[in-house]
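One structure is given here, and the rest of the page talks about it.
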There are 2 protein chains.
Amino acid sequence: MDKKSKSLSKNQKIVLDFIQKNKKPVKAYSILSNVQKKGINAPPQVYRALDKLIEIGKIHRVESQNSFVACKISNCDTPHKTIFSICNSCEIVSEINDPKLFKNLKDFRDKDGTVFDGYNLEFFGTCKSCKNKQIENTKH
Amino acid sequence: MDKKSKSLSKNQKIVLDFIQKNKKPVKAYSILSNVQKKGINAPPQVYRALDKLIEIGKIHRVESQNSFVACKISNCDTPHKTIFSICNSCEIVSEINDPKLFKNLKDFRDKDGTVFDGYNLEFFGTCKSCKNKQIENTKH
DNA sequence: AAATTTTTGTTATATTATAACACTATACTC
DNA sequence: GAGTATAGTGTTATAATATAACAAAAATTT
Ligand SMILES: [Zn+2]
Ligand SMILES: [Zn+2]
Ligand SMILES: [Zn+2]
Ligand SMILES: [Zn+2]
């Protein structure tokens, strides 16, 4: 029985459910205030659930934002092998599923020949929607 | 006159000097406590200097550690194009200078064709020194 | 020298995350 | 199924990281 098929605890379900409902990444204290009606009262309850959900790969942490987002890649059952694109303007985050890039990163060795267990890659730019808005604004 | 050749202010010099003296990344409040004797009294003074030093590429932020490290790549004059290897055990950080990987990341486009301004890549593993220590320990 | 921009110093506060402890639920083992 | 180990819960307090806001000084530009 692998990690993924183990059933989640009550708090883990509540937190995961809230993260999955959001298109954008969410912050820990935003999660907290949104799930208080479900009986989660304090930060440690949220952070514990987050830790577990990250460990089993259901969510990822967006390091540059201190935020958390649901995994969008069905077979992403491990944590710490993540690639995101992040819009500098609207802060929307997309998980990137690019086989060639995966391979490049998986095969990477440093000068010593050290193999790495995991990685996190975050690309920064302006998303299509924000770019269009900027063009709109310069027209007027 | 490019950003790099502009001379640094007093506080910027103090903070950069301290970061460069350290082999490992340093935390903001560790910087603060270590430079108080030089007349830097409060967090904003440190964070402002850090922001500027990051902007001009003299230092980088290690996102997964909330820490700051001097740039080790002479021609790394832009921020936000960074690759690090990080030891899970001793937390030592090395900036990676790998032309092939640079090219892969520079050339990456998402499905939309969006071009990215920058990226941050952090590899996680066990450094050679820590791996050797682990082997030592299993011997006894 | 006046105006603008950058940097400084300071106080207060916001945001993010964990320590510690007592207790409960679930899973595992014999 | 009783005993035991493991994982999860609830709670309070506090640690660690980062920024807002404002007034003053210094450096740079015009
Ligand atoms: Zn994923
Ligand atoms: Zn956007
Ligand atoms: Zn660098
Ligand atoms: Zn190490």
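Each chain gets a letter, A, B and so on, in the order the sequences are listed, and its residues count up from 1. Just the heavy atoms: all of them, side chains too, but no hydrogens, waters or symmetry mates, feed the values below.
Between B/F116 and B/F108, the two ring planes are parallel [angle under 30°; tilted spans 30° to 60°]. A perpendicular orientation is assigned to the rings of A/F123 and B/Y119, their planes being inclined by more than 60° (bins at 30° and 60°).
Ion pairing of A/D107 with A/K103 is present here, as a side-chain N (NZ or NE/NH1/NH2) and a carboxylate O approach within less than 4.0 Å.
Nearest heavy atom pair, residue B/E122 against residue B/S64, reads OE1-OG, 2.6 Å.
When rounded to the nearest whole Å, the span between CG of B/L8 and P of D/dA26 equals 19 Å. Rounded to an integer number of Å, the gap from CG of A/L16 to P of D/dG8 is 14 Å. The separation between A/L50 atom CG and C/dT18 atom P is 10 Å, rounded to whole Å. Distance CG (B/L32) to P (C/dT8): 14 Å, rounded to an integer number of Å.
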*Before giving the answer on side-chain contact (heavy atoms from CB on, under 4.5 Å), spell out for A/F18 and A/K38 the whole-Å C-alpha distance, their side-chain angles and the decisive distance to 0.1 Å.*
CA-CA 11 Å; A/F18 179 73; A/K38 306 230 172 188; over 6 Å; no

*Summary of protein contacts for nucleotides 9-21 of chain D, nucleotide by nucleotide, where a base hit scores B, a sugar-phosphate-only hit scores S (4.0 Å, heavy atoms)*: BBBB----BBBBB

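By the rule that hydrophobic residues join a cluster once side-chain heavy atoms approach within less than 4.5 Å of another member, A/L53 and A/V69 end up as members of separate clusters.
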